[in-house]
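Each remark here refers to the structure printed beneath this line.
The figures that follow rest on heavy atoms only: side chains count, while hydrogens, waters and symmetry mates do not.
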Amino acid sequence: MQSKLIKIFKKARYEPEPDLEQAVWSTIIARDKRTTRFKLWTYGFVGLASFAGLIPAFKILFTDLAHSGFYEYFSLIFSDTGSILSYWKELIFSLTESLPVVSIIFTLSLLFICFLSLRYLMKQIIRNELIFNIS
């Protein structure tokens, strides 16, 4: 039984197609191009969306700063130095308490996402020249 199997396997040798290596290589290149284009468009869209979201986020932040009284407490620093030296702890506590933390976090996170997506977008453009090669 084993000798028959050995004879069958010896007769049935696998001969690859002559263009198999080129077909595999072109498939790898095409997949890499698709992934690169997908990453490029994704990072571009996320960057553009976060940049567009920064305009209302800054508007909300400045409005919240104005409503919270932060500017009034902050202006006390420049008004009377004698009272600031004696009540500096209370002034710092009032300044930190009047900060709109949620608006600041929201604005900074959008700014971070915008810069991060811009960084990855530039990496995709600089590293992968496959986007611009048409072959």
Side-chain angles (χ1 to χ4, degrees):
M1 180 79 167
Q2 271 187 332
S3 62
K4 288 182 183 179
L5 284 175
I6 292 173
K7 287 179 186 178
I8 290 173
F9 282 130
K10 282 185 182 179
K11 286 181 185 178
R13 285 193 168 174
Y14 177 70
E15 295 288 326
E17 296 177 18
D19 294 336
L20 182 65
E21 296 141 1
Q22 184 63 30
V24 168
W25 184 249
S26 63
T27 304
I28 291 171
I29 295 284
R31 184 175 180 195
D32 195 25
K33 281 184 182 181
R34 275 195 313 262
T35 335
T36 302
R37 285 189 184 118
F38 178 75
K39 286 180 180 179
L40 182 77
W41 283 105
T42 303
Y43 293 141
F45 177 73
V46 168
L48 189 64
S50 63
F51 183 73
L54 279 175
I55 296 166
F58 274 118
K59 186 177 179 182
I60 291 170
L61 176 65
F62 292 139
T63 305
D64 286 349
L65 280 172
H67 287 293
S68 69
F70 179 79
Y71 294 131
E72 287 81 13
Y73 290 127
F74 191 71
S75 68
L76 288 176
I77 294 173
F78 304 108
S79 65
D80 188 19
T81 57
S83 62
I84 289 178
L85 291 176
S86 58
Y87 298 111
W88 65 273
K89 288 182 185 178
E90 287 80 8
L91 180 66
I92 289 176
F93 286 140
S94 297
L95 278 172
T96 55
E97 190 175 311
S98 67
L99 279 175
V101 178
V102 176
S103 298
I104 291 172
I105 290 173
F106 181 66
T107 305
L108 289 178
S109 64
L110 276 178
L111 198 63
F112 177 73
I113 290 170
C114 183
F115 283 135
L116 192 66
S117 63
L118 182 67
R119 176 182 173 209
Y120 286 138
L121 181 70
M122 295 316 266
K123 275 186 179 180
Q124 285 295 319
I125 290 173
I126 290 171
R127 283 187 184 172
N128 296 327
E129 296 170 0
L130 295 172
I131 300 170
F132 305 112
N133 294 338
I134 300 173
S135 54

Problem - S68 to P100 - nearest heavy-atom pair and separation - result: OG-CD, 4.2 Å
Practice task
Verify the cluster assignment for L48 and L118: are they in a single hydrophobic cluster under the rule of side-chain heavy atoms below 4.5 Å apart?
Solution key: no
Handout entry: Joint cluster assignment, F93 & L65, ILVMFWY side-chain distance < 4.5 Å
Key = no
Handout entry: Between OG1 on residue T42 and CD on residue Q124, distance to nearest 0.5 Å
Key = 9.5 Å
Handout entry: From CG (L116) to OG (S109), nearest 0.5 Å
Key = 12.0 Å
Problem - Steps toward side chain to side chain contact (heavy atoms under 4.5 Å, CB included) verdict (I29, K33) - result: CA-CA 6 Å; I29 295 284; K33 281 184 182 181; 4.0 Å; yes
Problem - Cluster check Y43, F38: I/L/V/M/F/W/Y, side chain < 4.5 angstrom - result: no
Exercise for the section: Search all heavy atoms of T107 against all heavy atoms of A57 and return the closest pair with its distance. Expected result: OG1-O, 3.4 Å
Exercise for the section: Take D64 and V102 through the side chain to side chain contact (heavy atoms under 4.5 Å, CB included) test and state the conclusion after the steps. Expected result: CA-CA 10 Å; D64 286 349; V102 176; over 6 Å; no
Problem - Atom pair OG (S26) and CG (D19), whose distance is rounded to the nearest 0.5 Å - result: 9.5 Å
Problem - Hydrophobic cluster identity match, F70 and I104, side-chain contacts under 4.5 Å - result: yes
Practice task
Can you measure from CG (L85) to CG (L91) and round to the nearest 0.5 angstrom?
Solution key: 11.0 Å
Problem - CG-CH2 distance between L121 and W41, expressed to the nearest 0.5 angstrom - result: 10.5 Å
Problem - Other residues, nucleotides, ligands: >12 heavy atoms within 6.0 Å of Y73 OH - result: no
Problem - Single-linkage hydrophobic cluster I113~L40, side-chain heavy atoms < 4.5 angstrom - result: no
Completion exercise
Between the NE2 atom in H67 and the OG atom in S103, the distance rounded to the nearest 0.5 Å is 10.5 Å
Handout entry: Heavy-atom check, side chain of F62 versus side chain of Y71, under 4.5 Å
Key = yes
Fill in the blank from the handout: Residues A52 and P56: closest non-hydrogen pair is O-CD, 3.3 Å
Completion exercise
What one should report as the nearest heavy-atom pair of L110 and S50 is O-CB, 3.9 Å
Practice task
Determine whether Y87 and E90 make a side-chain contact, defined as any pair of heavy atoms from C-beta on separated by less than 4.5 Å.
Solution key: yes
